[in-house]
Amino acid sequence: MKLLGLGFLGLAWSKDRLRGYATPNTVAKSDVEGQITYLLDVFASLRRFMPAEFDLRGRDVLELSPGASRGNGVLFLAMGARSYHAIDVFDLAGKEDPAFYQRLLDRFAEGSETDRTRARAIAANSGAREFGYAVGRDFDIPRLAEGRTFDLIVSCAAFEHYDSVPDAVAALTQVARPGCASVHIIDLQTHSRWIRENDPNNIYRYPEPLYRLFRFPGQPNRLRPADYVRAFSAEGWSDVRFVPSRTIDPSLRDVSLRGLATPFAGQQDMIVLDGALTARHPGRAG
């Protein structure tokens with residue numbers, strides 16, 4: 001399985017060289033209903049991990065690395081958020097058809113009629129400041145935030161692709177208001193689509209020099225839950241915790257935990273496949 005995993009690493013490296021970064025999730029862009037189902041699931045997950053007392057009404061929301069769709073933003077607006085802004089390294093959502101947002105809202109039953117109508121109007125206006133989008137290869141979060149600060153900062157399957165998580169957390173801290181909530185769904189397992197089902201810990205089998213030999217933009221950084229908690233805590237965030245969502249199937253655990261490289265061998269959290277990092281920026285929310 002280790003040799004097979006190396007083959008998949010090489011394949012991912014080759015695809016990036018030939019095509020660049022273009023597939024942020026496993027649902028084809030042409031599969032509109034599949035994309036809607038995927039976004040509704042992601043949005044439900046983000047809300048599940050938000051603080052129970054957090055009210056979206058009147059809030060300004062930042063999403064990091066939304067990938068191919070800003071659909072989450074439309075749903076936040078439908079729940080009463082004042083504004084949504086998304087930033088990314090790659091321009092994957094800039095040409096999204098506004099009609100898609102209307103279809104997404106047709107499938108979303110929550111939110112008041114007033115807020116849903118407002119969300120439809122904002123999403124139909126490509127230049128609306130309340131529905132912003134900025135892209136930069138340097139991923140300079142304060143610059144891409146365009147002078148804004150936020151009450152809620154979210155991401156899904158993004159943090160595991162950042163080369164420097166401490167730098168990303170330090171940057172997002174600069175645009176977080178006092179009391180800002182932060183919710184980040186993080187995928188810790190192997191990303192190659194066949195091998196992740198059979199050996200989800202495959203990316204942890206290789207020494208760092210060998211793994212980085214196949215480096216490409218967006219390659220999983222192999223950080224573990226404690227690393228993310230440490231990065232947020234170092235920037236002064238409070239109530240920092242990582243909540244596991246899924247763990248390796250018991251039938252695969254023995255083989256998945258054998259043969260891991262240093263420093264992953266023996267870590268207690270190596271059965272965790274994904275979860276959510278949640279934190280609160282110090283201070284009283286406005």
Side-chain angles (χ1 to χ4, degrees), residues 41-67 72-73 75-76 79-89 134 139-145 148-189 220-247 267-286:
D41 181 66
V42 169
F43 189 71
S45 296
L46 290 171
R47 290 180 63 197
R48 183 169 69 250
F49 290 111
M50 285 169 51
E53 74 282 2
F54 191 87
D55 185 0
L56 281 168
R57 183 166 300 280
R59 302 296 188 179
D60 297 308
V61 181
L62 172 66
E63 183 172 13
L64 307 177
S65 307
N72 282 329
L75 301 179
F76 278 119
M79 292 297 297
R82 177 168 58 185
S83 72
Y84 165 89
H85 188 65
I87 64 175
D88 214 331
V89 174
F139 202 57
D140 183 335
I141 293 175
R143 179 179 65 81
L144 295 173
R148 311 177 197 209
T149 56
F150 303 93
D151 305 293
L152 175 65
I153 302 176
V154 302
S155 69
C156 178
F159 258 91
E160 69 268 21
H161 297 289
Y162 296 160
D163 289 335
S164 176
V165 166
D167 287 350
V169 175
L172 70 84
T173 301
Q174 295 180 47
V175 300
R177 291 175 182 157
C180 174
S182 210
V183 180
H184 306 281
I185 297 172
I186 301 172
D187 185 355
L188 302 168
Q189 62 186 309
N221 56 37
R222 306 201 299 179
L223 296 187
R224 300 301 299 174
D227 299 310
Y228 293 102
V229 170
R230 191 177 302 114
F232 275 84
S233 297
E235 292 298 324
W237 291 73
S238 62
D239 303 323
V240 183
R241 61 181 184 142
F242 187 95
V243 183
S245 180
R246 295 184 302 144
T247 58
Q267 283 197 30
Q268 296 300 309
D269 65 3
M270 294 307 298
I271 67 169
V272 179
L273 294 174
D274 54 36
L277 184 292
T278 61
R280 176 81 76 168
H281 194 262
R284 184 181 297 276

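Values reported hereafter were calculated over all heavy atoms of this structure, with side chains retained and with hydrogens, waters and symmetry mates removed. Small disclaimer: the values here were computed from a predicted structure and weren't measured.
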Ring pair (Phe, Tyr, Trp, His ring centres under 6.0 Å) involving Tyr228 - partner list, sequence neighbours excluded: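 For Tyr228 there are no ring pair (Phe, Tyr, Trp, His ring centres under 6.0 Å) partners, ignoring immediate neighbours.
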
Tyr162: ring pair (Phe, Tyr, Trp, His ring centres under 6.0 Å) partners, not counting sequence neighbours: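 Tyr162: ring pair (Phe, Tyr, Trp, His ring centres under 6.0 Å) contacts with Phe139, Phe159.
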
Salt bridge (Lys or Arg N to Asp or Glu O under 4.0 Å) contacts touching residues 168-182 (sequence neighbours left out):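 Matches after skipping sequence neighbours: Asp60-Arg177, Asp151-Arg177.
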
Qualifying salt bridge (Lys or Arg N to Asp or Glu O under 4.0 Å) pairs, either residue in residues 225-238, two or more places apart: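 For residues 225-238, and leaving out neighbouring residues, the salt bridge (Lys or Arg N to Asp or Glu O under 4.0 Å) pairs sorted by first residue read Asp227-Arg230.
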
Rounded distance (nearest 0.5 Å) linking atom [atom1] of [X] with atom [atom2] of [Y]:
X	Y	atom1	atom2	value
Phe49	Ser182	CZ	OG	14.0 Å
His281	Phe232	NE2	CZ	10.5 Å
Ile186	Cys156	CD1	SG	10.0 Å
Arg143	Ile87	CZ	CD1	9.5 Å

Using a 4.5 Å cut-off on heavy atoms from C-beta on, say whether the side chain of [Y] contacts that of [X].
X	Y	value
Arg280	Pro51	yes
Val229	Leu277	yes
Leu188	Phe242	yes

Glu53 CD: over 12 foreign heavy atoms closer than 6.0 Å: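 Enclosed: over 12 neighbouring heavy atoms sit under 6.0 Å from CD of Glu53.
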
Over 12 foreign heavy atoms within 6.0 Å of CZ, Arg48: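 Counting neighbours around CZ of Arg48, more than 12 heavy atoms of other residues, nucleotides or ligands fall under 6.0 Å, so yes.
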
Option from Thr278, Leu46, Val154, Leu64 for which side-chain contact (heavy atoms from CB on, under 4.5 Å) with His184 holds: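 Of Thr278, Leu46, Val154, Leu64, side-chain contact (heavy atoms from CB on, under 4.5 Å) with His184 is met by Leu64 alone.
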
Ser83 side chain to His85 side chain, donor-acceptor N/O pair below 3.5 angstrom: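 There is no such pair (donor and acceptor under 3.5 Å, judged by atom type) between the side chains of Ser83 and His85.
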
Donor-acceptor contact present, side-chain Arg59 to main-chain Ala81, <3.5 Å: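 Here the side-chain-to-backbone pair does not exist.
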
With sequence neighbours excluded, residues passing salt bridge (charged side-chain N to carboxylate O under 4.0 Å, His left out) with Asp269: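 Testing Asp269 for salt bridge (charged side-chain N to carboxylate O under 4.0 Å, His left out), a comparison that skips the adjacent residues, returns Arg224.
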
All N/O donor-acceptor pairs, side-chain side in residues 164-172, below 3.5 Å, sequence neighbours left out:
unit_1 : atom_1 : unit_2 : atom_2 : d
Ser164 : OG     : Asp167 : N      : 3.3
Ser164 : OG     : Asp167 : OD2    : 3.1

